[in-house]
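Data block below; observations after.
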Amino acid sequence: MRAVDLIRTKRDGGYLDRSALEWFVGGVTDGSLPDYQASALLMAILLRGMTAEETAALTDAMVRSGIKVEYPGLSGTPVDKHSTGGVGDKTSIVLAPLAAACGAYVPMMSGRGLGHTGGTLDKLESIPGFRTALSLEELRRAVETIGCALIGQTSEIAPADKKLYALRDVTATVESIPLISASIMSKKIAEGIGGLVLDVKAGRGAFMKTDTDARRLAESLVSIGEAAGVRTEALLTSMDAPLGRAVGNALEIIECVETLKGNGPKDVEALSVELAARMLVVSGIEADGARAEARVRAAIADGRGVAKLKQIVENQGGDPRAIDDYSRMPSAPDRDRVTAAQDGVVVSIDAELVGRAAVVLGAGRDRLDAEIDPAVGMMIRADPGSRVRAGDAVIDIHHRNGRGLAEARSLLAGAIEIADSAGPSRPLILDRIHSIKKRTA
């Protein structure tokens, strides 16, 4: 094959068959395809799109660019969850131990924060000693023995994705739904899972700003999962305001622990429970959503969920005492506060601006090699719907020696909207997509 023929075909709106896409992914992986030709094809895909069949074939080729993990010793179906990212989006750290405590096998590979969205790995690594860089053998052993591991992507998993993403990042081709879908699903399918629950976020703090775009992405992801034989469901959820009250790595870990103990914010608990319940359904542990939810809530009430988190932390080298003794977690030395400028009701808190404030404080990164401070961040004291008086605390800032404080204060002041009365609120869960085949039949 010749790269120029593939580029021309897609440029003109044509169809790339499985063999063409396999050749393209192989050339990217082994370096035989020059970056300029790979980039040209990526741009053609961005502009002309791909069919569901093309996207599934591209994903499959990316999966096979590395190895697909197998778990020969398991008696059940491995299951995972993926979120498209947001601000305060910490549910993985709640739902993974809950699902495992209910009998699920959860090999969860997560990512780091970039831009205004946080990353699960950064949050986990704020626990003293916690290792996310496990080998695949350590992953298998953890899943077989305690039911769960929370790790980063290894070099053996979908290596084509890392190379393609690096090209997309510098060629303005990140925003293609087929390319986003293939990137997400190639890593998930390569984990060796048989069930997957997706949390596709829409709103100001999400990658997909509109419900329409979020739905298109969700349907693409579910379609790929079904084509690969992975039972896949998606929830469309709102990300206009931060999820929960904590934003920042160690602060969010503490909020996760409190949620597992039954004391967390209602939105974090509700979404974590719903996602964990759906994980039990797609893995075949429960056939009914209501029974699955009751089972998950029981794991919170009787302490099995938080006990499982301690077990995961200890297994991955972390200090399990930090789960009960928060003084062992990183803590920023300094505090500041953003207050209400007027009497009224907090109508909204812009999640993207809050996320950007976290980055300038040092809790996030604006480039992949940036160091983060696990201790800094924010606690929201008056969430949307709260009535406040002028001067009341809305957001507490945890900072270190004033780093980024002035810019963070400015961003947070702009994020808070207060009005005389509350307007209509969006539900946390906007929609559910259980099967593309069923929806289109």
Side-chain angles (χ1 to χ4, degrees), residues 79-96 98-99 102 104 106 108 110-111 117-118 120 177 180-181 184-185 187-189 193-226 230-244 256 259 264-297 300 351 425-440:
V79 62
D80 196 4
K81 165 261 181 187
H82 176 81
S83 169
T84 56
V87 179
D89 181 19
K90 56 190 73 72
T91 59
S92 290
I93 301 160
V94 179
L95 63 85
L98 282 175
C102 292
V106 187
M108 183 172 285
S110 300
T117 61
T120 298
I177 284 181
I180 294 168
S181 301
I184 292 171
M185 294 301 290
K187 296 190 288 284
K188 291 298 171 185
I189 294 166
I193 56 175
L196 177 64
V197 179
L198 299 155
D199 179 5
V200 180
K201 298 193 174 295
R204 286 174 290 190
F207 185 68
M208 294 296 173
K209 303 298 184 188
T210 69
D211 294 1
T212 299
D213 284 345
R215 183 181 302 281
R216 287 177 58 216
L217 177 59
E219 292 182 345
S220 176
L221 295 169
V222 171
S223 175
I224 292 169
E226 289 178 341
V230 176
R231 186 174 174 185
T232 308
E233 296 183 359
L235 299 184
L236 266 61
T237 67
S238 175
M239 183 37 71
D240 288 320
L243 186 66
C256 289
T259 302
K266 294 304 181 187
D267 57 347
V268 176
E269 179 180 304
L271 185 54
S272 299
V273 167
E274 176 69 16
L275 290 165
R278 298 315 304 176
M279 290 170 72
L280 299 186
V281 172
V282 300
S283 61
I285 292 173
E286 289 285 359
D288 174 75
R291 287 174 58 88
E293 180 178 339
R295 189 164 175 166
V296 172
R297 289 197 178 278
I300 295 176
S425 60
R426 272 161 52 94
L428 178 60
I429 298 174
L430 304 171
D431 199 4
R432 294 170 170 82
I433 298 173
H434 295 304
S435 172
I436 298 302
K437 294 172 184 176
K438 291 178 183 177
R439 291 173 67 92
T440 57

Discussion item. Closer than 3.5 angstrom, by distance alone: can the side chain of Ser220 be matched with the main-chain N or O of Arg216 as a donor-acceptor pair?
Written reply: no
[X] and [Y]: which non-hydrogen atoms are nearest, and at how many Å?
X: Asp80; Y: Lys188; result: OD2-NZ, 2.6 Å
X: Ala351; Y: Val87; result: O-CG2, 3.2 Å
X: Thr117; Y: Gly205; result: CG2-O, 4.1 Å
X: Ala234; Y: Val222; result: CB-CG2, 3.8 Å
X: Val200; Y: Ala214; result: CG1-O, 3.4 Å
X: Val79; Y: Leu196; result: CG2-N, 4.2 Å

Looking at [atom1] of [X] and [atom2] of [Y], how far apart are the two atoms once the value is rounded to the nearest 0.5 Å?
X: Leu275; Y: Glu233; atom1: CG; atom2: CD; value: 10.5 Å
X: Glu274; Y: Glu269; atom1: CD; atom2: CD; value: 12.5 Å
X: Leu271; Y: Leu243; atom1: CG; atom2: CG; value: 6.0 Å
X: Leu235; Y: Ile429; atom1: CG; atom2: CD1; value: 5.5 Å
X: Lys90; Y: Ser83; atom1: NZ; atom2: OG; value: 11.5 Å
X: Met239; Y: Arg204; atom1: CE; atom2: CZ; value: 11.5 Å

Tell me every residue that passes side chain to side chain donor-acceptor pair (under 3.5 Å) with [X], counting only those two or more places apart in sequence or in another chain.
X: Asp288; result: none
X: Asp267; result: none
X: Lys266; result: none
X: Ser92; result: Lys81

For [X], check side-chain contact (heavy atoms from CB on, under 4.5 Å) against everything at least two apart and list the hits.
X: Cys102; result: Leu280, Arg295, Val296, Ala299
X: Thr210; result: Thr212, Asp213
X: Ser238; result: Asp240, Arg426, Leu430

Practice prompt. Given side-chain contact (heavy atoms from CB on, under 4.5 Å), test Val281 with Arg231 step by step and report yes or no.
Written response: CA-CA 10 Å; Val281 172; Arg231 186 174 174 185; 3.6 Å; yes
Side chains of [X] and [Y], heavy atoms from C-beta outward: is any pair under 4.5 Å?
X: Ile433; Y: Arg215; value: yes
X: Ile180; Y: Phe207; value: yes
X: Asp431; Y: Asp211; value: no
X: Ile93; Y: Thr120; value: yes
X: Met208; Y: Thr84; value: no
X: Thr232; Y: Ile224; value: no

Fill in: Results of salt bridge (charged side-chain N to carboxylate O under 4.0 Å, His left out) for Arg291 - residues two or more places apart only
Glu286
